[in-house]
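Excluded from the calculations below are hydrogen atoms, water molecules and symmetry mates; all remaining heavy atoms, backbone and side chain alike, are included. Note that the structure is a prediction, hence the values are computed from the model and not measured.
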Amino acid sequence: MTSKIDFMPKFLIAILVFLMIFAPAQLMSIKISSVAILLMMSMIYLVKNKREIKIHPGVLKWFYLYITASAFFTLISVFYNNPQPLNLFGVNFLYPIIYFVFIVVISNIFYFDYIVRVSIISFVITLVYNIVFVFVINGYIGFIPEYIFFNINQNIGGMELGFIKYSSESISYFLFFIPMIIAAYLINNGEHIKKKYLVLIVLGILSAVFSARTAFIIAILITPFIIMFLSFKTKVELRKRQVFLFIFYLVLFMFVLVVLFRVDFNLLFDKIAGSFSSEIIINKNGIVDSGGSIRLNQFKDLIKTWTYKPLLGWGDAAISINPTRNDMGGIYELSYFALLMQRGLIGAILFLLQIIWIYTKAINLIKSKNEFGKLLFSVLVGFTTFMISNATNPYLYSFDRLLILFFPLMILQVAHVNEHVKNKGLENTSLIR
């Protein structure tokens with residue numbers, strides 16, 4: 001395998017992964033072009049090497065069930081004459097097929113380590129970019145103009161918190177990466193790498209505070225509990241010294257936020273509580289924050305609609321009786337209740353069983369002391385916080401963010417291929433050869 005042969009696919013992968021993390025649901029023309037070329041390369045590779053390809057049978061069945069269930073509930077949507085039954089065609093069919101092809105090829109040509117490195121670097125660049133923007137809009141950096149930050153904005157809505165909030169699509173990836181980094185810090189030994197993790201954790205928490213996003217802050221707060229639970233289930237040992245240091249640095253950092261950045265945590269937690277309030281909140285500038293009220297009405301509407309078709313639902317992309325915040329055709333903020341309404345109890349239970357399967361296989365792999373165990377443990381923590389946050393944010397309806405749903409499956413597939421290579425004494429291959 002030569003560097004010239006691998007340059008093109010690795011370059012396209014780097015561009016695609018970076019843009020997916022840096023600008024989710026944006027710059028789609030570049031992403032589509034990259035995906036198209038990589039997909040063509042992948043299909044050529046699969047055809048040429050079809051006898052040598054190794055696929056985890058469980059991962060194959062998982063994707064088959066995901067797509068088959070989508071086809072079934074799309075047919076139900078057609079049967080009930082829903083106005084846009086194919087509105088979720090990408091999420092239901094096209095995107096999972098593309099991801100499955102990429103996962104199989106990536107694992108068989110041993111690009112996984114490269115994918116992980118590019119993902120972490122992209123996350124770090126995006127995190128620093130967002131933090132610099134926070135400093136600019138809050139007056140801590142005066143020489144950088146705000147207009148150069150093209151995919152990030154001030155968030156002037158909602159409660160007044162004493163600082164200027166920011167809004168960015170990349171926050172959805174922070175819900176995955178920052179808990180993942182916290183987990184990695186608490187289970188790894190190397191002093192040099194721990195310092196890097198700690199810096200990223202501090203920047204991540206700062207990003208969470210200045211976003212004032214309820215889901216983001218809650219994800220950070222529940223991460224230690226998720227880590228402790230998964231540590232108990234997987235028998236992965238937490239480093240006690242690092243746990244105490246993490247708590248100490250967290251308290252110290254909160255003190256710094258209060259003293260230097262004048263962050264009022266009482267207002268911040270009032271804002272979080274307001275996200276679950278049925279009352280409409282108006283701040284001193286007259287700006288209305290009706291998020292909690294709208295979510296409550298949406299919940300009632302989705303449940304009421306579901307009760308008419310409780311077993312199989314109304315079909316994918318179905319619209320509820322009295323839609324609120326539904327300007328995207330069958331996509332709702334309360335995504336799991338939308339799933340219940342559209343796919344009924346059977347569809348919701350089926351999706352839940354698929355998620356449970358991921359946890360079961362991942363925990364078993366971690367307990368087996370596999371070489372990917374520590375990485376998978378950290379990924380599973382980030383996966384959990386992301387899936388919890390998805391309850392009030394329809395993240396899984398975009399191509400970019402589906403990567404997080406399929407990431408644990410990619411590790412399971414990679415571990416399966418690596419085990420085969422070790423047993424057979426095979427060598428690495430290249431995407432183009």
Side-chain angles (χ1 to χ4, degrees), residues 18-27 119-182 185 194-221 223 246 248-272 275 283-285 287 289 382 385 389 393:
F18 172 72
L19 291 180
M20 287 170 69
I21 294 171
F22 182 75
Q26 298 169 314
L27 304 175
S119 298
I120 295 298
I121 291 170
S122 301
F123 158 67
V124 172
I125 293 172
T126 305
L127 180 59
V128 172
Y129 176 85
N130 285 14
I131 293 298
V132 171
F133 179 76
V134 165
F135 286 165
V136 168
I137 63 176
N138 281 281
Y140 297 106
I141 299 178
F143 60 89
I144 300 178
E146 183 182 329
Y147 64 81
I148 70 171
F149 299 86
F150 73 94
N151 67 329
I152 187 171
N153 300 295
Q154 293 187 26
N155 184 355
I156 59 174
M159 292 178 62
E160 187 67 38
L161 298 174
F163 57 84
I164 301 175
K165 299 171 288 182
Y166 81 97
S167 175
S168 170
E169 293 289 340
S170 60
I171 287 174
S172 56
Y173 266 99
F174 292 178
L175 294 166
F176 170 74
F177 276 111
I178 294 170
M180 173 183 160
I181 297 295
I182 293 173
Y185 172 76
K194 284 191 298 185
K195 291 177 182 178
K196 292 181 179 179
Y197 288 154
L198 201 56
V199 171
L200 292 178
I201 291 169
V202 168
L203 293 178
I205 294 174
L206 185 65
S207 177
V209 169
F210 277 89
S211 74
R213 286 285 297 272
T214 301
F216 194 1
I217 295 171
I218 289 178
I220 301 294
L221 292 175
T223 293
F246 174 74
F248 170 76
Y249 286 129
L250 183 61
V251 173
L252 179 63
F253 181 61
M254 291 175 68
F255 177 76
V256 171
L257 285 175
V258 172
V259 175
L260 294 184
F261 295 96
R262 298 181 178 86
V263 173
D264 189 332
F265 281 96
N266 289 325
L267 289 176
L268 196 61
F269 286 116
D270 284 345
K271 194 269 178 189
I272 294 173
S275 298
N283 70 12
K284 64 182 182 181
N285 297 320
I287 298 174
D289 183 0
T385 54
S389 302
N393 301 273

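- When all heavy atoms are compared, the tightest approach of Thr385 to Leu175 is OG1-O, 2.7 Å.
- Rounded to the nearest 0.5 angstrom, Ile205 CD1 and Ile182 CD1 are separated by 5.5 Å.
- Contact detail for Ser170 and Ile21: the closest heavy-atom pair is CB-O, 3.4 Å.
- Closest approach of Gln154 and Ile164 over heavy atoms only: OE1-CG2, 3.5 Å.
- Taking 4.5 Å as the limit, some side-chain heavy atom of Ile120 sits within range of a side-chain heavy atom of Phe177.
- The distance from atom CZ of Phe174 to atom OG of Ser168, rounded to the nearest 0.5 Å, is 6.5 Å.
- Residues Ile181 and Phe123 form a side-chain contact, since some pair of their non-hydrogen atoms from C-beta on lies under 4.5 Å apart.
- Ser207 places no side-chain N or O within donor-acceptor distance of the main-chain N or O of Leu203, the cut-off being under 3.5 Å.
- Closest approach of Ala208 and Ile220 over heavy atoms only: CB-CG1, 4.0 Å.
- Proximity of a side-chain donor or acceptor of Asn153 to a complementary backbone N or O of Ser167 within less than 3.5 Å is not detected.
- Atom OH of Tyr166 is separated from atom CD1 of Ile152 by 6.0 Å, given to the nearest 0.5 angstrom.
- Under the 4.5 Å side-chain criterion, counting only non-hydrogen atoms from C-beta, Val134 is not in contact with Leu206.
- Smallest separation of non-hydrogen atoms from Gly382 and Pro179: CA-CB, 4.2 Å.
- Here the CD1 atom belonging to Ile131 is positioned 11.5 Å from the OG1 atom belonging to Thr126, to the nearest 0.5 angstrom.
- Using a 4.5 Å cut-off on side-chain heavy atoms (C-beta onward), Ser172 and Asn393 make no contact.
- In this pair, Phe22 and Phe150 present their aromatic rings tilted. The plane angle is within the 30 to 60° band.
- Considering all non-hydrogen atoms of both residues, Ile144 and Val136 come closest at O-CG1, 3.4 Å.
- Below 30°, between 30° and 60°, or above 60°: for Phe149 and Tyr129 the angle between ring planes is between 30° and 60°, a tilted geometry.
- Residues Ile178 and Phe216 form a side-chain contact, since some pair of their non-hydrogen atoms from C-beta on lies under 4.5 Å apart.
- The environment of CZ in Phe248 is sparse: at most 12 heavy-atom neighbours from other residues, nucleotides or ligands sit within 6.0 Å.
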